[in-house]
Student: 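Following this message is one structure expressed as structure tokens.
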Protein chains: 4
Amino acid sequence: MNTRGRIIKAAKRLFAEKGFDRTTVDDIVRAAGIAKGTFYLHFSSKEELIKEIAMMAMPFMAFSSVLRNTNAYERLEDFLQALGESFFEYYSDIDLRILFFHVVSIKEAIPSLKEIHNRLCSELIAEGTKRLMQFVDGDKKKAEVAFRTFLGSLLHYLYSGGCSTISQREYLRKLVQMIVKGLD
Amino acid sequence: MNTRGRIIKAAKRLFAEKGFDRTTVDDIVRAAGIAKGTFYLHFSSKEELIKEIAMMAMPFMAFSSVLRNTNAYERLEDFLQALGESFFEYYSDIDLRILFFHVVSIKEAIPSLKEIHNRLCSELIAEGTKRLMQFVDGDKKKAEVAFRTFLGSLLHYLYSGGCSTISQREYLRKLVQMIVKGLD
Amino acid sequence: MNTRGRIIKAAKRLFAEKGFDRTTVDDIVRAAGIAKGTFYLHFSSKEELIKEIAMMAMPFMAFSSVLRNTNAYERLEDFLQALGESFFEYYSDIDLRILFFHVVSIKEAIPSLKEIHNRLCSELIAEGTKRLMQFVDGDKKKAEVAFRTFLGSLLHYLYSGGCSTISQREYLRKLVQMIVKGLD
Amino acid sequence: MNTRGRIIKAAKRLFAEKGFDRTTVDDIVRAAGIAKGTFYLHFSSKEELIKEIAMMAMPFMAFSSVLRNTNAYERLEDFLQALGESFFEYYSDIDLRILFFHVVSIKEAIPSLKEIHNRLCSELIAEGTKRLMQFVDGDKKKAEVAFRTFLGSLLHYLYSGGCSTISQREYLRKLVQMIVKGLD
DNA sequence: TATGAATGAGTCTTCATTCAT
DNA sequence: TATGAATGAAGACTCATTCAT
């Protein structure tokens, strides 16, 4: 792996563990096995690295493959199931889970990050809602609430994972059932 | 308002705006209109203050009044509606919304905070699930998924509030409808 | 005991334990059971208190009763023995032992304390030498070396007390013997 | 001289002048002509530096060259004379004199320093006593009192140097005479 | 590209002292 | 006399960033 990759790998691990602000450039270069100066050959500042890693943690990334597949799903059930599976697969990297919350937290303090975040968030809701409308005969608001509820439930699973014993598979199945039925 | 109260008020504002780590004790005392030393008469460290304010931001607090009302609701719809209204009223203080995400983010770095957080989180899910079971004839897992989905949707509304145009009232109504129908 | 006495008692204890600089006025008032402001009714500053307690720890104090007894001892042996016993009795208060070294250490930083210290030290050597000269037929330098050696040996016992197993009584007896014989 | 050496040199000077606690890291870096951060590249804390400098001030160091010379001295007189000369030469650096008393004073407040101090102190007495026993036909206690008296007298000279007019050379000669005669 | 010693502004925390009650 | 909240200057330590090699 090249130097840049080693920095990113080390930083992802450390950022997840201690948050962006409590991880020092020293921590990162030590973990990456490089010298301090080398870091600045690859990133102009710590904030640049934060932005790059923050992008990786956005839910948008978790869904992108499914959302690119236009019109591939006949039933609402299959679509939601595919979204959910894609989501859980992406976030099987535990570090990305907590990183997402670090991003939500720090975006208030880093304007450019907030801009990126809000854009990806809006795009995801817009796209998700559009796709759901195919299944709920055109009620946009109903579709939006449904999509955001679906997304919120998945995110809440990530966040409260440690507080329960329901498996991902079962959680997703029941969630999909409930949404489908609820939208009927 | 007494000195302690002024510290908490100023800190809540600043923590929400910049996060815990990027808010300095200097910022806080300046905003509270007190001297630096005075801060340490009331809190043994910045971390103590973070803990106190973190507690305020937990969803548990937003529901406590409703959850204390045992058996007050006849229909599932009324119960969820009451929970949702209590939630939105509590989080009408915009600072508390982002503070909650700051807490989720920083808890990884502050063990005692993580402990508090996980306890309140578990208690909330346990209590919410128990109350829902009265309405879904005893299927515990189904009730848990429903409660967590409900909670997740509300939290997601907080978090993505700025990305949409659906009003709280309408969002809540549609959410309750969907959950009720979904659990039928 | 009056307030002033309680302050001194508490301070002596704490100063011995942690040194002058690492003992805070807070420590002292807490130990004395009084309020912070009360301290400054009795001492104009912490330094004033340090000076007062520093005086108590000077070896001059340990010998004063014996040295006041002019011409009371017929034999050199008896004189030295009396000095030694007076010394060990005075410094049976363990706190005073370490306090003496604290004084030697801090006097460099507090001019008025250095002045007091040097005066008492000179007076002690002058007086001790004068008294010894009665026993060594007038050789002043010999007497001075002997007195300072005697004093140094006693101080070294205080200071390295914990590193040995010889009892005070035995140490003193052997020391007196050696000096007497050495001056013969 | 390298940076570390410049720190030590500056600190030795300042510690002697104002004591450990009243010398700030700022004082040291200013005197050493380096930046604040640089200090912490070379010492993990001010206490680490104190420890290193404290070692230098211990009498053990003053005697080490003589004590390493096993069996090099035929007469007690020569041995003591060599010890004394080594002592005075080592402590011709006036800063080391007062530093020694700073160490004695502060060791109560710094456990790791106390440990080092007590170890070096015990070793010195043990070794010195052992060497003296060759000259006093095996009476261990007598030898120990003699060695500690010799050491105490030298230390007392350091400490009360300013209060007298006897030269080092003369003081040492008379001291050796007295001890030799006293042990006869 | 890579290194790592050096920098200095910034952060948390302490503590002697004051003063209104 | 006694109180204790308030003060703010000062101290130890951190850390993102630079630069000569």
Side-chain angles (χ1 to χ4, degrees), chain A residues 2-4 6-7 20-30 32-50, chain B residues 2-4 6-7 20-30 32-50, chain C residues 2-4 6-7 20-30 32-50, chain D residues 2-4 6-7 20-30 32-50:
Chain A
N2 62 11
T3 304
R4 195 169 201 280
R6 281 159 65 196
I7 292 174
F20 297 116
D21 286 338
R22 297 187 179 210
T23 299
T24 69
V25 174
D26 251 304
D27 290 337
I28 295 167
V29 299
R30 205 177 310 121
I34 61 169
K36 195 91 146 282
T38 307
F39 177 89
Y40 288 90
L41 291 180
H42 295 276
F43 294 91
S44 65
S45 71
K46 183 182 162 188
E47 194 164 313
E48 282 310 306
L49 174 60
I50 289 177
Chain B
N2 63 10
T3 304
R4 196 169 199 278
R6 281 160 63 198
I7 292 174
F20 296 116
D21 285 338
R22 297 185 179 211
T23 300
T24 69
V25 174
D26 252 307
D27 290 337
I28 295 168
V29 299
R30 204 177 312 123
I34 59 169
K36 194 104 72 96
T38 308
F39 177 90
Y40 288 92
L41 286 181
H42 296 278
F43 295 92
S44 63
S45 69
K46 183 181 160 188
E47 193 165 315
E48 281 309 307
L49 174 60
I50 290 176
Chain C
N2 62 10
T3 304
R4 194 168 201 282
R6 281 159 65 197
I7 292 174
F20 296 117
D21 286 338
R22 297 185 180 212
T23 300
T24 69
V25 175
D26 251 302
D27 290 337
I28 296 167
V29 299
R30 205 176 311 123
I34 60 169
K36 195 92 147 277
T38 307
F39 177 90
Y40 287 91
L41 291 179
H42 295 276
F43 295 91
S44 65
S45 71
K46 183 181 160 188
E47 194 164 313
E48 282 308 309
L49 174 60
I50 289 176
Chain D
N2 62 11
T3 304
R4 194 168 202 280
R6 281 160 65 198
I7 293 173
F20 296 115
D21 285 339
R22 295 183 180 213
T23 299
T24 69
V25 173
D26 254 307
D27 291 337
I28 295 168
V29 299
R30 204 177 311 123
I34 59 169
K36 192 107 72 93
T38 307
F39 176 90
Y40 289 92
L41 285 181
H42 296 278
F43 295 92
S44 64
S45 69
K46 184 181 160 186
E47 193 165 314
E48 281 309 308
L49 174 60
I50 289 176

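The chains referred to below are lettered A, B, ... by the order of the sequence lines, with proteins before strands, and numbering in each begins at 1.
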Student: Heavy-atom distance under 4.5 Å between the side chains of Ile28(D) and Leu49(D), does that happen here?
Tutor: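 Ile28(D) reaches Leu49(D) side chain to side chain.
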Student: Could you tell me how far apart Arg30(D) (CZ) and dT7(E) (P) are, to the nearest whole angstrom?
Tutor: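 Spelled out: CZ on Arg30(D) to P on dT7(E) is 15 Å.
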Student: Rounded to whole angstrom units, what separation is found between the CD1 atom of Ile28(B) and the C1' atom of dA6(F)?
Tutor: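 Those two atoms, CD1 and C1', are 18 Å apart.
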Student: For Phe43(A) and dT1(E), what is the distance between atoms CZ and P respectively, to the nearest whole Å?
Tutor: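 Result: 13 Å.
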Student: Nearest heavy-atom pair of Ile34(D) and Phe39(D): which atoms, and what distance?
Tutor: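 Shortest heavy-atom separation between Ile34(D) and Phe39(D) comes out as CD1-N, 4.0 Å.
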Student: With sequence neighbours left out, write down each residue that passes salt bridge (charged side-chain N to carboxylate O under 4.0 Å, His left out) with Glu47(D), or none if nothing qualifies.
Tutor: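 With neighbours one apart ignored, the set is empty.
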Student: Among all residues two or more places apart in sequence or in another chain, which pass the side-chain hydrogen bond (donor to acceptor under 3.5 Å, both in side chains) test with Thr24(C)?
Tutor: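 Testing Thr24(C) for side-chain hydrogen bond (donor to acceptor under 3.5 Å, both in side chains), a comparison that skips the adjacent residues, returns Asp27(C).
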Student: Tell me, for nucleotides 15-21 of chain E in 5' to 3' order, what letter each nucleotide earns: B for a base near a protein heavy atom under 4.0 Å, S for only sugar-phosphate near one, - for neither?
Tutor: BSBB---
Student: Work out how much the helix from dA2(E)-dT21(F) to dT21(E)-dA2(F) bends between its end axes, five pairs an end, to the nearest 10 degrees.
Tutor: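 Between the first-five-pair axis and the last-five-pair axis there is 10°.
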Student: Distance check needed: dC12(E) C1' versus Asp27(B) CG, whole Å only.
Tutor: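 So the CG-C1' distance, Asp27(B) to dC12(E), works out to 13 Å.
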Student: Rounded to whole Å, please give me the gap between CG in Leu41(B) and P in dT13(E).
Tutor: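 Rounded to whole Å, this separation is 14 Å.
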Student: If you compare all heavy atoms of Ala35(C) against all heavy atoms of Val29(C), which two are closest, and at what distance to 0.1 Å?
Tutor: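 Closest pair (atom of Ala35(C), atom of Val29(C), distance): O-CG1, 3.9 Å.
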Student: How many whole angstroms separate atom CG of Leu49(A) from atom P of dA16(F)?
Tutor: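 In whole Å, dA16(F) P lies 11 Å from Leu49(A) CG.
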Student: side-chain contact (heavy atoms from CB on, under 4.5 Å) with Asp21(B): which residues, sequence neighbours excluded?
Tutor: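 For Asp21(B), the residues satisfying side-chain contact (heavy atoms from CB on, under 4.5 Å) (neighbours in sequence not counted) are Asp21(A), Arg22(A), Ile106(B).
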Student: Sorted by first residue and then second, give each side-chain hydrogen bond (donor to acceptor under 3.5 Å, both in side chains) pair with at least one member in residues 33-46 of chain B; sequence neighbours left out.
Tutor: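 Residue pairs passing side-chain hydrogen bond (donor to acceptor under 3.5 Å, both in side chains), neighbours aside: Asp26(B)-Lys36(B).
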Student: On DNA chain E, compare the nucleotides closest to Ile34(A) and Ile34(D); which residue's is nearer the 5' end?
Tutor: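 Result of the comparison: Ile34(A).
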Student: May I ask you to evaluate whether His42(C) reaches the phosphate of dT1(F), defined as a side-chain N or O under 4.0 Å from OP1 or OP2?
Tutor: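 Answer no for this pair, as no side-chain N or O of His42(C) is under 4.0 Å from OP1 or OP2.
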